Amino acid sequence: MRVIPSSLLSHVRGLIRRGPSSRWYVVPALSRTNITISHSEQVKEGTFDYKSLELNEIGVLRVLNSMKDDPYLALSFLKRIEGNVALPSVQAYATVIRIVCGWGLDQKLDTFLVELVRKGDAGRGFSVMELLNAIGEMEQSLVLLIRVSTALVKAYANLEMFEEAIDIFFRTYHSLGRAPDIKALNFLLNRMIASGRTDMVVGVFWEIERLGLDADAHTYVLVVQALCRNDDKEGVDKLLIRLLNSETRNPCVFYLNFIEGLCLNQMASMAYLLLQPLREVNILVDKSDLGIAYRRVVRGLCNEMRIEDAEKAFLDMEEHGIDPDVYVYSAIIEGHRKTMNIPKALDIFNKMVKKRTRINCVIVSSILQCCCQMGNFSGAYVLFKECRELNIPLDRVCYNVAFDALGKLGKVEEAIELFREMTGKGIAPDVINYTTLIGGCCLQGKCSDAFDLMIEMDGSGKSPDIVIYNVLAGGLARNGLAQEALETLKLMEDRGVKPTYVTQNMVIEGLIVAGKLDEAEAFYESLEHKSRENDASMVKSYCEAGCLDQAFERCIRLEFPLPKSVYFTLFTSLCSEKDHISKAQDLLDRMWELGVKPEKSMYGKLIGAWCRVNNVRKARQFFEILVTKEIIPDLFTYTIMINTYCRLNELKQAYALFQDMKRRDVKPDVVTYTVLLNSNPELDMKREMEAFDVKPDVVLYTIMINRYCKLNDVKKAYALFKDMKRREIVPDVVTYTVLLKNNPELDLTREMKAFDVKPDVFYYTVLIDWQCKIGDLKEAKGIFDQMIESGVDPDAAPYTALIAGCCKMGNLKEAKMIFDLMIESGLKPDFVSYTTLIAGFRRNGFVRKAFTLMKEMLEKGIKPTQASLSAVHYAKSKAKGLR
DNA sequence: ATAGGGTTAG
């Protein structure tokens, strides 16, 4: 942007067209207008009342000049003649402007000039430059001329005619030797930023610098803002350096304003950056000034949610001997609260208490909010009572948080009691207080109490706002009072508070959650303007109420897209219900049709859902669809599918998918290898894992140890165990279980204690099982008792192990006893327990008993589990291998 | 002078 300086104004002085013209004006009577204009006593409205005037140009000027004591009259007189055959002359405008300006009516001047500029050259019959010249010709006062230029710059800025505004600004400077008011320039720069013309801002600024014109702190703030929007880091640096080296008349005031401006415009970080050098070069030497700056910056950083930076600045501030005031503490606490770092917020509060910093009710309400945000409503109330004990003056905000907490705890009566206490203390409640109480009442189904409060508030002369109506209508709906909810909508409308889609949605959601589906549908149908938000609300509410079919049908038939979050909610619900997974997939198709890009995590979710129900075929089909859309599933999705293939013993497919993922540059992790190695004892992945830099973890080690144990290669298993500990991978209870399963003579109890590994049911079961296998039933039972003693609750497995042991020893009576004991202790025998006992009976010749038991099992609907089946499968394959 | 509370949606 190049600004061409010009001194046109002085050149054209004297060239002004003047003199009489043949134009005639008809001026209608002023009294016919509604505008009350005259503030003056001398010129009465009635002056022109008797008839229309016919005036020539000179006459107009004469009239206008006679109105120099009444700018409003002059303005309206001009307006009158504007509407007529001939346009007012440039002199007429110049005269009026002089009058208005002379009276110091800057705002009037501003609006007048905006209108004038808007007309355009053709609309008014002269150019703005001609107007300026005309004023310059009549007027000797520099101040007045500057004032007109200033207003003109603002007018152009208002109309986003930036080139013209710049032109006037610099022309004024060059011809009058003084620039328009800095405020007009700032206004202009501000508008330029708002319209994204940041380049222009920078251009104008450097021209101002070049000419040595004064800019104020606000100007610099605007320029920094523009430079930041341009991503011009160098420019910012250049500007800041230039600022720090400049001679400013009152540097302290300037920099405090500058810092203030930066903070007000979300540039607190830069303000902080500036603070250090300013301190070092002793510009902000005064402790109080430095304190003002620091406190402002910390608050600014908090406002921008840069809480870490704020804390840094806070410490820095304390190091320089500046005490934070209550506002700084408040900002930091709020910063932590809003970023959900509640412990940190409470921590700051405790520090304040420890330092005996005075605590006021604002801090208290922040802290109470913190408790509530953590869901600790009773804690909030306790704290409130403590503060009350300490005689900290508490206000209606504080009380509000406290009785809101009571309401959320379901204690509405107490909440209302607290509210009465507050009003009793002379604290006048506001609409928010009532809203909180009404919300609390509705939450407890006390709708009539809610009505009473509404009436009470009405009586106190406070007018209900949209929120309180929303809460009431939604609350009524949620309690199934459809009729009353709708009446509330009517009532609010009658009282001039228009229900919004939020109101409607609260009613919709309330009704649906209350199970009033027909009423909700009817209400939806009754809406004159159904907004997208209403549809979204219907779908979401059906999801919330668990009506997935309704939610799905409604969502899928819409011809326009809903917000992504709606699809996400519905999709997630559908995925988690095993009979709705294919609908989840339909929903994705619909999203694609409507041009809504699904969240990437949704693909993985769907595949995961299919895998969870072992429908790996469907998972794979969808997987292939993704691939055609060039969507590559992530590591987790691949691993889930591989795991499912493994679980279903489709090892070839699992391995193929594993190769596929590597081909697509999806790097496997330790879980992927674990999954593969777990079900594929032939695989050796050691080298590959090293190549991918995947380090085995405790799970993988355990699997490998288990593998050697199963092959009865105790030496290798133990070597691996040692290797794992050497790598500082701490074994867990599974590792020990696996080791002990085949090598019960190992005594690892002490080591387990040292690693703080607690035995679990599996561990004990293995030990019991072993003892049974070697025929020491007594020891097995001893271990069982030990397990109970150590507080581990047995499940069916240890009982079954004992049953198996008894059967093996031919002690069927005891086996049956243990079986019954298990049922007595509240456990349900599973497929394995039954088959163990049945096999025992049969093997020992009690065929009839075996048969009865089998019948019982089938009657109870006990079926083999996946785990038991794969155990069978595994046993079979192992038997084959050994053969 | 500067700060904190009620509905939704996120």
Side-chain angles (χ1 to χ4, degrees), chain A residues 256 259-260 263-264 291-300 302-303 324-338 340 345 349 359-373 380 384 387 392 394-405 407-408 415 418-419 422 427 429-443 450 453-454 457 462 464-478 488 492 497 499-510 531-534 536-537 539-541 544 562-566 568-569:
Chain A
L256 284 181
I259 285 169
E260 170 84 28
C263 290
L264 278 173
I292 290 170
Y294 260 112
R295 290 185 199 110
R296 187 65 190 90
V297 166
V298 174
R299 275 168 32 224
C302 289
N303 274 338
D325 61 7
V326 67
Y327 298 99
V328 169
Y329 276 119
S330 185
I332 297 241
I333 288 174
E334 277 297 292
H336 284 308
R337 187 174 72 80
K338 285 182 196 139
M340 294 304 279
F349 176 69
I359 286 156
N360 64 20
C361 58
V362 180
I363 303 280
V364 171
S365 36
S366 272
I367 293 301
L368 295 185
Q369 273 288 95
C370 284
C371 295
C372 293
Q373 242 164 288
F384 172 82
C387 292
I392 298 171
L394 302 172
D395 63 1
R396 64 161 91 87
V397 178
C398 233
Y399 268 96
N400 195 67
V401 183
F403 57 67
D404 191 21
K408 300 230 160 80
L418 198 59
F419 170 78
M422 178 186 93
I427 300 170
D430 63 5
V431 181
I432 295 184
N433 293 136
Y434 280 105
T435 311
T436 304
L437 287 180
I438 286 174
C441 287
C442 292
L443 214 60
L453 283 163
M454 201 75 181
M457 186 182 79
K462 281 174 193 62
D465 64 1
I466 179 82
V467 178
I468 197 164
Y469 280 122
N470 288 354
V471 171
L472 183 62
L476 293 171
R478 207 164 263 268
T488 305
M492 64 192 281
V497 182
T500 66
Y501 76 84
V502 176
T503 323
Q504 296 157 356
N505 285 357
M506 288 183 73
V507 172
I508 289 174
E509 190 183 328
S531 70
R532 194 153 301 209
E533 280 80 6
N534 295 139
S537 179
V539 175
K540 278 199 155 181
S541 304
E544 192 188 336
L562 291 175
K564 255 189 200 180
S565 66
V566 180
F568 195 83
T569 306

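Quick caveat, the model's predicted, so the values are computed rather than measured. Naming convention: chains lettered A, B, ... in sequence-line order (proteins, then strands); numbering from 1 in each chain.
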Salt-bridge contact A:Lys540-A:Glu509 (side-chain N to carboxylate O under 4.0 Å): no
Side chains of A:Asp465 and A:Val497: closer than 4.5 Å at any heavy-atom pair? no
Please determine whether a side-chain nitrogen or oxygen atom of A:Lys540 lies at a distance below 4.0 Å from atom OP1 or OP2 of B:dG10. yes
If you apply the rule side chain to side chain donor-acceptor pair (under 3.5 Å), what do you find for A:Asp404 with A:Thr436, and how did you get there? CA-CA 6 Å; A:Asp404 191 21; A:Thr436 304; 5.1 Å; no
Evaluate the criterion side chain to side chain donor-acceptor pair (under 3.5 Å) for residue pair A:Asn534 and A:Ser531; output intermediate values, then yes/no. CA-CA 5 Å; A:Asn534 295 139; A:Ser531 70; 3.2 Å; yes
Shortest non-hydrogen separation from A:Met492 to A:Thr503 and the atoms involved: SD-CG2, 4.0 Å
With sugar-phosphate taken as primed atoms, P, OP1 and OP2 and all else as base, the protein-contact string of nucleotides 1-7 of chain B at under 4.0 Å (heavy atoms; B, S, -) is -BBBBBB
